[in-house]
Amino acid sequence: MAPAAPPRVRFAPSPTGFLHVGGARTALFNWLYARKYGGQMLLRIEDTDRQRSTDESTNAIFDGLAWLGLDYDEDVVFQGANLERHRADVERLLATGAAYRDFTPHAELERLRADADARGVPFRFDPKLAELAPGELERRLAAGEPHAVRFRVPDGVTDWIDAVHGRIAFPNKDIEDFVILRSDRTPVYNLAVVSDDIAMGITMVMRGDDHISNTPKQILLYRALGATVPQFAHVPMIHGTDGKKLSKRHGATAVGDYQHQGLLPSAMLNFLALLGWSPGDDVEVMTRLEMLDRFSLDGLQKKAAVFDPQKLDWMNGQHLSMLSLDEIMPHVYPVFERLGVSTPEELREREEWFRALIDLLRVRARTVDDIARQAVPYFADEVEYDADAVSKQWRDANTAAEILSATRERLASLAAWDATTMETALRSLAEELSISGGKIFQPLRVALTGLTASPGIFDVLIILGRDRSLARLDQAVRWLKSDVTA
RNA sequence: GGCCCCAUCGUCUAUCGGUUAGGACGCCACCCUUUCAAGGUGGAGAGACGGGUUCGAUUCCCGUUGGGGCUACCA
């Protein structure tokens, strides 16, 4: 179902933590919807909670969106900057009688609430509490007495056709006369959101379904303010493996965490998209453009999805082998530096070599960090032999040393350093020694990389080059002999 | 407690009344193979329960159960 007109959507996080994966997914769905149908995607920072909002969090949101490549149109809106309009909207509501002043002291409300709680009955604000004797209102106002402003919830039922849930209805009697302006004259969330969404011309509000119960209040506000009610789409939550709302206890929940684990943004996006959305067929691995092409509100899920880190890893591996080298390279430089494998300067000096190495390693890695870890032996001067590799492939030090010496000699005698030449030579060596190829390749792999697992052995020989390969064979033979005498 | 949302393999999902209920992750086996991945083939694995409606329900309706969200002068 394509929208009748280009939609204006927004992503409206509050900067009270880092950009959460759930938030990132909401941003993605909004972005997909806006971009797909030629609309606008706006960003609004809901920083009205001055106590909890921090610049650090705001920057984390900017960074996270930038890393994911989710761009937005127009200027960022900071909700806190719209305070005057929020108050003006409250005044309008007061003027039409849609809202009223409530001088009930906060302490009194708390007492009533505790009371109701103790008796096991639900507490709902009673409008009678705010009723004043004639002349009282004017007197208190003149005296400057602090008071809250409450919205007068009319009788009836408030409903809407949710783009993912269908019709949702709330009897208004279940909604109390909620506060829209605090006694310190700051607006409350629902008012600020509606005021801003109207001002921003938002036509579709797409957000987490934890906002479903706010929606009737907001619809009432739109109407009282004389504005067109936008469409709503409440996307399901993301849960942890235990079925609870995703939180710190479940491990990494900030997109920054994944960025720093060597995840590719395209894989993160792809994985997130599939949590709560399905293209309708069996296709899973998609580029951003493919997602854009296939995105539709119809594919949005109603059910909460569980975040499965294993599938994220798999997805990343898929993107690692699917993306072009050019797309991957920008992501590997910082990781090699962070993990201390090499410096960007050193890498740029040998860029072609480096690209070839990454191309070799990426198939068997699931994250960029994996690649960097596997790349260590190709940068080290001295190879470190993995204990398991030694005990498995160099079980008999003498035999291993003999084979490696013979291998070294054979390789050194080669006129050309290419895979076919080397393979022919080493296979015939194996035949001469009456052993299988593996008996040569495996010990050789340990000598060259120190590990039992690596890219194809001839690829390793080539990427290392003749001199370094032969030097490593020498080193291995020396190591084995000293090990025997020791 | 009240209100609202949700319910297909362990997980993500396909199915829009008629299927041997399909795919993916993960798991197991085999193949490929110089190792590890990748890839290929196969396997185990699901309609929460109870009522309706219908010739026929995973699919539509109701209830139960279970899970989740909200319930502030937080956002």
Side-chain angles (χ1 to χ4, degrees), chain A residues 12-16 46-49 51-53 79 102 104 106 109-110 113 116-117 120-124 146-150 162 165 168-171 173-176 178-184 186-190 192-193 208-216 234 236-237 239 241 243-245 271 274-285 298-299 301-308 310-315 317-318 320-321 361-366 370 374 389 392-393 423 426-427 430 436-442 444-446 449 451-458 460:
Chain A
S14 49
T16 52
E46 309 218 320
D47 55 353
T48 46
D49 186 345
Q51 304 302 314
R52 297 194 298 155
S53 299
Q79 189 160 63
D102 173 24
T104 315
H106 199 244
L109 284 174
E110 274 174 5
R113 203 182 306 278
D117 239 41
V121 295
F123 175 78
R124 189 153 300 133
H147 58 275
V149 176
R150 286 182 184 270
D162 195 274
H165 293 275
I168 298 181
F170 284 78
K173 64 172 173 54
D174 292 327
I175 307 169
E176 67 174 1
F178 55 97
V179 171
I180 53 179
L181 192 72
R182 298 186 188 91
S183 42
D184 65 359
T186 59
V188 168
Y189 174 73
N190 283 310
V193 166
D209 69 17
D210 48 343
H211 285 285
I212 286 181
S213 40
N214 282 322
T215 308
H234 287 96
M237 309 260 76
H239 286 172
T241 329
K244 298 268 192 289
K245 192 170 171 176
F271 172 74
L274 257 25
L275 282 186
W277 173 71
S278 165
D281 57 24
D282 294 336
V283 178
E284 303 228 1
V285 182
D298 302 321
Q301 212 66 24
K302 293 179 182 175
K303 194 180 70 165
V306 173
F307 189 94
D308 179 7
Q310 279 188 307
K311 188 155 185 177
L312 208 210
D313 272 352
W314 167 80
M315 183 64 81
Q318 293 295 307
L320 229 27
S321 41
L361 298 179
R362 64 163 165 165
V363 181
R364 65 211 82 228
R366 292 212 147 180
D370 272 353
Q374 288 176 28
K392 194 170 178 205
Q393 302 303 342
E423 178 154 15
L426 293 188
R427 293 230 185 250
S436 67
K439 285 280 186 287
I440 288 184
F441 301 142
Q442 284 306 93
L444 173 57
R445 190 184 315 280
V446 178
T449 66
L451 306 168
T452 50
S454 83
I457 197 69
F458 303 108
V460 174

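Reminder, nothing fancy here: chain letters follow the sequence lines and each chain counts from 1.
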* **For B:rC30, the Watson-Crick or wobble partner whose two distances fall under 3.5 Å** => B:rG40
* Atom-pair distance (CG on A:Asp298; P on B:rU13), nearest Å -> 16 Å
* To do: Determine the Euclidean distance between corresponding C1' atoms of B:rG52 and B:rG69; express it in Å to zero decimal places.
  => 30 Å
* Where the side chain of A:Arg364 is defined as all heavy atoms beyond and including C-beta, which of B:rA75, B:rA37, B:rA72 is the nearest nucleotide? -> B:rA37
* To do: Can you tell me the distance, in whole Å, between the CD1 atom of A:Ile180 and the C1' atom of B:rA72?
  => 15 Å
* Structure fact -> Separation of B:rU33 atom C1' from A:Phe458 atom CZ, nearest Å, is 13 Å
* Asked: What is the pairing partner of B:rG66, taking Watson-Crick or G-U wobble pairs with both distances under 3.5 Å in any strand?
  -> B:rC6
* Does any nucleotide pair with B:rU35 by Watson-Crick or G-U wobble geometry, both distances under 3.5 Å, and what is it? -> none
* To do: List in chain and number order the residues that pass salt bridge (Lys or Arg N to Asp or Glu O under 4.0 Å) with A:Arg362, two or more places apart in sequence or in another chain; answer none if no residue qualifies.
  => A:Asp359
* Asked: Going by heavy atoms in the side chains, are A:Leu426 and A:Ile457 under 4.5 Å from each other?
  -> no
* Look through every strand shown and name the nucleotide pairing with B:rU53 as Watson-Crick or G-U wobble, where both distances are under 3.5 Å. => none
* Pick the C1' atom in B:rA14 and in B:rU59, then give their distance to the nearest Å. => 13 Å
* To do: Encode nucleotides 1-11 of chain B as B, S and - characters from 5' to 3', where the letter depends on protein heavy atoms closer than 4.0 Å: B to the base, S only to sugar-phosphate, - to neither.
  => B-SSSSSS--S
* Distance between C1' atoms of B:rG40 and B:rA24 (Å, rounded) -> 16 Å
* Structure fact -> Rounded to whole Å, the CH2-C1' distance (A:Trp277 to B:rA14) equals 13 Å
* Asked: What is the nucleic acid contact for A:Pro455, judged by heavy atoms within less than 4.0 Å: base, sugar-phosphate only, or nothing?
  -> base
* Asked: How far, in whole Å, is B:rC60 from B:rU53 if one measures between their C1' atoms?
  -> 8 Å
* Would you classify A:Gly208 as touching base, sugar-phosphate or nothing, given that sugar-phosphate means primed atoms plus P, OP1 and OP2, and contacts are heavy atoms under 4.0 Å? => nothing
* To do: To the nearest Å, give me how far apart CG (A:Asp282) and P (B:rA21) are.
  => 16 Å
* Span that lies between the C1' atom of B:rA57 and that of B:rG50, in whole angstrom -> 15 Å
* To do: Provide the Watson-Crick or G-U wobble partner of B:rA46, both distances under 3.5 Å; none if there is no partner.
  => none
* To do: Report which part of the nucleic acid A:Thr452 touches: base, sugar-phosphate, or nothing (heavy-atom distance under 4.0 Å, all strands).
  => base
* Asked: Checking A:Thr449 side chain against A:Leu451 main chain: does a donor-acceptor pair fall under 3.5 Å?
  -> yes
* Asked: Do A:Pro279 and A:Leu274 have side-chain heavy atoms sitting under 4.5 Å apart?
  -> yes
* To do: Spell out, as yes or no, whether a donor-acceptor pair under 3.5 Å connects the side chain of A:Arg445 to the backbone of A:Gly456.
  => no
* Indicate, with a heavy-atom threshold strictly under 4.0 Å, whether A:His234 touches base, sugar-phosphate, or nothing. => nothing
* Asked: Just checking A:Arg52: base, sugar-phosphate only, or nothing, at a heavy-atom cut-off of under 4.0 Å?
  -> base
* What is the distance, rounded to the nearest whole Å, between atom CG of A:Asp281 and atom C1' of B:rG23? -> 9 Å
* Determine the contact category for A:Thr215: base if any of its heavy atoms lies under 4.0 Å from a base atom, sugar-phosphate if only primed atoms, P, OP1 or OP2 are that close, otherwise nothing. => nothing
* Structure fact -> As its Watson-Crick or G-U partner within any shown strand, both distances under 3.5 Å, B:rA14 has none
* Asked: Mind checking the P distance from B:rU58 to B:rA48? Whole angstroms is fine.
  -> 10 Å
* Could you tell me whether the side chain of A:His147 reaches within less than 4.5 Å of the side chain of A:Asp102, counting heavy atoms only? => no
* Residue pair A:Phe441 / A:Arg427, side-chain heavy-atom distance below 4.5 Å -> yes
* What nucleic acid atoms does A:Leu109 come within less than 4.0 Å of, heavy atoms only: base, sugar-phosphate, or nothing? -> base
* Assign each of A:Ser183 and A:Phe441 to its nearest nucleotide of RNA chain B by heavy atoms, then name whichever residue's nucleotide is nearer the 5' end. => A:Phe441
* To do: Under 4.0 Å between any heavy atoms, over every strand shown, what does A:Phe271 touch: base, sugar-phosphate, or nothing? Just pick one.
  => nothing
* Between B:rC36, B:rG26, B:rA75, which nucleotide has the shortest distance from any of its atoms to the side chain of A:Arg366? -> B:rG26
* **Listed nucleotide nearest any side-chain atom of A:Val179, set B:rA37, B:rA75, B:rC73** => B:rC73
* Which part of the nucleic acid, if any, lies within reach of A:Gln318 when heavy atoms closer than 4.0 Å are counted: base, sugar-phosphate only, or nothing? -> sugar-phosphate
* Asked: Would a 4.5 Å heavy-atom cut-off, applied to side chains only, mark A:Leu361 and A:Pro455 as touching?
  -> yes
* Which whole-number value in Å describes the distance from A:Glu176 CD to B:rC70 P? -> 16 Å
* For B:rC31 and B:rA21, measure between their P atoms and round to the nearest Å. => 31 Å
* Quick one: are A:Ile168 and A:Thr215 in side-chain contact, heavy atoms under 4.5 Å? -> no
* Asked: How do A:Gly299 and A:Glu423 order along RNA chain B: which one's closest nucleotide is nearer the 5' end?
  -> A:Gly299
* **Between B:rC36 and B:rC9 - C1' atom distance, rounded Å** => 30 Å
* To do: Tell me which nucleotide among B:rU34, B:rC73, B:rC36 gets nearest to the side chain of A:Arg445.
  => B:rU34
* Asked: Does any N or O donor sit under 3.5 Å from an N or O acceptor when you compare the side chain of A:Asn214 with the base of B:rA75?
  -> yes
* Using both distances under 3.5 Å as the test, list the Watson-Crick or G-U wobble partner of B:rG1, or none. => B:rU71
* Asked: Which part of the nucleic acid, if any, lies within reach of A:Ser321 when heavy atoms closer than 4.0 Å are counted: base, sugar-phosphate only, or nothing?
  -> nothing
* Asked: How many Å lie between CG on A:Leu361 and P on B:rU35, as a whole number?
  -> 18 Å
* Evaluate the side-chain proximity of A:Val285 to A:Trp314: yes if any heavy-atom separation is below 4.5 Å, no if none is. => yes
* To do: Looking at every strand, decide which applies to A:Gly280 at a 4.0 Å heavy-atom threshold: base, sugar-phosphate, or nothing.
  => sugar-phosphate
* Roughly how far, to the nearest 0.5 Å, is CZ of A:Arg124 from CZ of A:Arg113? -> 11.0 Å
* **Candidates B:rA75, B:rC73, B:rU13 - which lies nearest the side chain of A:Thr48** => B:rA75
* Asked: Does A:His234 use its side chain to pair, donor to acceptor, with the backbone of A:His165 at less than 3.5 Å?
  -> no
* Hey, what do you get for NZ (A:Lys303) to NE2 (A:His239), rounding to the nearest 0.5 Å? -> 11.0 Å
* Structure fact -> Scoring nucleotides 57-64 of chain B by protein non-hydrogen atoms under 4.0 Å (B base, S sugar-phosphate only, - none) yields --------
